[in-house]
Every structure is written in structure tokens, then in C-alpha cells.
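If you read the sequence from its start, that first residue is 1, and numbering goes on from there.
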Amino acid sequence: MSEISALPRIRELDAYVPGLSIAEIQQKYDLSQVIKMASNENPLGASPLAQEAARRHAPSLFRYPQGGNPRLVRALADLHAVDSRRVAVGNGSDEIIDLLIRMLAEPGKHSLACFEPCFSIYPIQGRIAGVEVRRCPLKKDFSFDFDALLRLVDQSTRLVFVTTPDNPSGYCPPQGAVADLAGRLADIAPDCLLVVDEAYMDFAEDEAGASLLASGALPDNAVFLRTFSKSWGLAGLRLGYGVLPPALAEYFWRARLPFSVNILAEEAGLAALADTAFRRATLDAVRRGRATLRDGLTALGCTVWPSAANFLLFRLPPDAGSATGCFEALLRRGIIIRPLNSYNLPEHLRVSVGDAGENAAFLAAMREILAAPEARRA
């Protein structure tokens, strides 16, 4: 059989690069224990109620889930006090992002706009769909230049993506600024959709004051995305959702693959929503741990950017060696964090908030690395 040739836009694509796994680092460095603080996962693990729900429903694995996941949709509508006709659920919020692009933008005709750097799924899925991807840089402090973003928009632009709190910096713009962006976008391009990705909004100190979704004032041209992968602790089950304008949500359900949310994901998601004690413990652990890591890294001379998410962006002190060297020195000690070469930030690192023991181990390793002569090698 002759080799199958992919379309040029696929051949030239850089694939999404996930964080390193615990197993591969254990094998590479012959380590019995590894701490992973690279993928913004829940530091407390998964909800006990969700784990029990997954075990209880395991005998039903031979069954298809109920079409449209109506129980989960109703629970999410109640959580956010919205009409259930607005709620869409998917195999991770990634599925919703992909479908929004393919539903609204025609290949070779339409464009999307986003910041650089940003969550890489936006530009990756845009390029796969044959849509022009327009990007503008963040400000030097990693805040958003909404004026520059809007200058990318014209009548061909069908989607504008904004992540708040942002990844990889944790920057969270004021709620009013996002509402103003939606209003200005509607004036410039009435057929353009603002996609507000609030995957990390749970961790903001004042979610009600930071989230436009939480405000209840939902612009007609905006979609809000959330995920079960972070504060709900279900990253391995791939479950996300969005609050969409009702007409767009109807089209989503027509386009979504049947049964994309599996039985275990749905049952675990419902149980996680009911486990309010675990959720409170998670949010408390992240907020306290975030402060511990911020203060500890700052005391070591690192530059640490303010974050409303469950991770911190930081840069090593001057003359402390390279970010790559620090990353690899941490790996040898059994600690995985995230290098940011894929974000075009080779001098920066990102660390997820762990539990109290993991945070302490990371800071102890950083003290050791920064004190060692070999850490100062370029």
C-alpha cells in the first residue's frame, strides 16, 4: 500500500504536547516515587463519592449511556442557575472547542482569533479545520490587550477565544472587561462568537466577582466553558461542559457524536457535583498551596506572576542557570513540573499546586538546586 499523504495543514502541525507521566520518569531515572506538579490536576485526587459511583456503575459498562446525558445537563443547569437548554456536555471541553470551530467556521473562508501564548488546542483545532488562525501577543506582564485582539477581527472572524484565568500565567481579567469585550465584539462582527474558557475559574479568590458566567449576565454572543478535570478531580474521565446561547446549543447536540460522554464519566460527574465537602477541601487546599508556593519561590529570588488558577508561572533568579536545567534537575529528584518551550517561553516554568507534602518537597528541591553550583550552568 502506498503511503497515505495528509493534507498540508496536518503535515505542518505541531501536536499538542502533554506533561510527562509519572511512569516514564520512574523508568528513566529509576525512581520509586515521583511527584507530578505539571498538568494542573486536583492535588487531593478524585472525589470519594465519584470513585464510589464509578465502581458502582462498572457492571453497566456494556450499556450505552443515555442519549444527551439529561441528568448531568439538569444538574449543571442547576449549578449555574441557567436554562438547561443552554448546557452542552462533551468528552472534555476540548470536544466542545473542536465542534464550535467546525460548526461555525468554513475552511478557507473564516478565521478565529486568540492570544499568543494561549491554550494550544484553540490554534491546533483551528488549523486542523482549515481555518485561518490570527494571534496577538499578551502584554509583557501577561495581561490581555483586548484592543489588539479586536484589531484582528473582521467580517471573516467567527470565533474569538479568551481563557480566564489564563494558562500559563493564571492572569484573570476583571469581569467587566470581559463583558465589555463581548459588547465591542458584537458591534464589530455580529456573527462572531466569544468563547470564554473558564476552566480554572473555580480557583479564583472571588469567583462570583471574577466570572462573567457567575454574574448571570450572559451576552448573546458568548459561550462559557468549564471542565471537570481540575477542581472536580476527574481529568482521567474526560468530561467538560459549556453554557451556550440556546440556538447554538441545539446545533451542538445535532453535531456532537453520539454517546461521547460515557457512563462512568456521567455517573462520576454527578457524584462529584454532590460531593460539596470534597470541593470545598480542594479549593481551600489550592488557595493555601498557591500562597505557599508563591511565597516560597519569591523567597528563593524567583519572579512569580500573580495567579488565580491552580498553578504558578515563574522565572528563575538572574544567574541561576536555565529553566531547562532546573526542570531536568527536578526530574532527577522525582518532581515533574512544566517547561514552557511549547508556549515560546523558554525562560519560564509552570508548577501546579500540589498537596502540602508535595509543595514542601518541591520548594526543598528548588532550594537545593538553586544553591548547587551545577544549577548555574546555562
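- Checking side-chain atoms of Glu95 against main-chain N and O of Tyr241 turns up no donor-acceptor pair under 3.5 Å.
- Side-chain N or O atoms of Asp83 include none that pairs as donor or acceptor with a backbone N or O of Arg86 at under 3.5 Å.
- Within the hydrophobic cluster formed by Ile, Leu, Val, Met, Phe, Trp and Tyr side chains joined at under 4.5 Å, directly or through other members, Leu44 is accompanied by Phe278.
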Please output the side-chain donor-acceptor pairs of residues 300-314 that fall under 3.5 Å, not counting sequence neighbours, one pair per line with the distance.
{"from": "Ser307", "atom 1": "OG", "to": "Ala309", "atom 2": "N", "distance (Å)": "3.1"}
{"from": "Ser307", "atom 1": "OG", "to": "Phe311", "atom 2": "O", "distance (Å)": "2.6"}
{"from": "Asn310", "atom 1": "ND2", "to": "Asn40", "atom 2": "O", "distance (Å)": "3.0"}

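- Note on residues 100-118: pairs passing salt bridge (Lys or Arg N to Asp or Glu O under 4.0 Å), not counting sequence neighbours, are Asp98-Arg102, Glu106-Lys109.
- By the side-chain contact (heavy atoms from CB on, under 4.5 Å) test, Ala274 pairs with no residue at all, sequence neighbours left out.
- Judged as a ring pair (Phe, Tyr, Trp, His ring centres under 6.0 Å), and not counting sequence neighbours, Phe327 has no contacts.
- A salt bridge links Arg333 and Glu368; the closest N-O separation between the charged side-chain nitrogens and carboxylate oxygens is under 4.0 Å.
- Of the possible polar contacts, one joining the Ser47 side chain to the Ala50 backbone as a donor-acceptor pair under 3.5 Å is found.
- Counting only distance, with no hydrogens or angles, the side chain of Gln51 and the backbone of Ala46 share a donor-acceptor pair below 3.5 Å.
- Sorted by first and then second residue, the ring-ring contact (aromatic ring centres under 6.0 Å, His included) pairs with a member in residues 24-55 form an empty list; sequence neighbours excluded.
- Using a distance-only test at 3.5 Å, with no hydrogens or angles considered, no donor-acceptor pair links the side chain of Arg279 to the main chain of Ala272.
- Of the possible polar contacts, one joining the Asn221 side chain to the Ala182 backbone as a donor-acceptor pair under 3.5 Å is found.
- A salt bridge does not link Glu198 with Lys230: every distance from a Lys NZ or Arg NE/NH1/NH2 to an Asp or Glu carboxylate oxygen is 4.0 Å or more.
- Annotation: salt bridge (Lys or Arg N to Asp or Glu O under 4.0 Å) contacts involving residues 287-311, sequence neighbours excluded, comprise Glu205-Arg290, Asp284-Arg288.
- With respect to the salt-bridge test (charged N to carboxylate O, under 4.0 angstrom), the residues Arg226 and Glu207 qualify.
- Annotation: ring pair (Phe, Tyr, Trp, His ring centres under 6.0 Å) contacts of Phe252 (sequence neighbours excluded): none.
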Throw together a table of side-chain donor-acceptor distances under 3.5 angstrom for residues 159-170, partners on residues two or more places apart or in other chains.
{"from": "Thr163", "atom 1": "OG1", "to": "Tyr122", "atom 2": "OH", "distance (Å)": "2.6"}
{"from": "Asn167", "atom 1": "OD1", "to": "Arg350", "atom 2": "NH1", "distance (Å)": "2.8"}
{"from": "Asn167", "atom 1": "ND2", "to": "Tyr343", "atom 2": "OH", "distance (Å)": "3.3"}
{"from": "Ser169", "atom 1": "OG", "to": "Tyr171", "atom 2": "N", "distance (Å)": "3.0"}

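- Side-chain contact of Ser111 with Ser156: a donor-acceptor pair under 3.5 Å is present, judged by distance alone.
- Residue Phe259 is found in a hydrophobic cluster whose other members, listed by chain and number, are Tyr64; membership requires side-chain heavy atoms under 4.5 Å apart, directly or through intermediates.
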Practice item. Step by step, work out the salt bridge (Lys or Arg N to Asp or Glu O under 4.0 Å) result for Lys139 and Asp141. Key: CA-CA 5 Å; Lys139 294 182 180 179; Asp141 63 356; over 6 Å; no

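- Between the side chain of Gln175 and the main chain of Ala208, a donor-acceptor pair closer than 3.5 Å is present.
- For the pair Val195/Ile96, no side-chain contact is recorded, criterion being any heavy-atom separation below 4.5 Å from C-beta on.
- Judged by distance alone, with hydrogens and angles left aside, the side-chain atoms of Asp145 form no donor-acceptor pair with the main-chain N or O of Leu138 at under 3.5 Å.
- For Arg158 (side chain) and Asp191 (main-chain N/O), a donor-acceptor pair under 3.5 Å exists by modelled atom type.
- Counting only residues at least two apart or on different chains, no salt bridge (Lys or Arg N to Asp or Glu O under 4.0 Å) pair has a member in residues 356-366.
- With side-chain heavy atoms closer than 4.5 Å counting as contact, directly or through intermediates, Met201 stands alone and belongs to no larger hydrophobic cluster.
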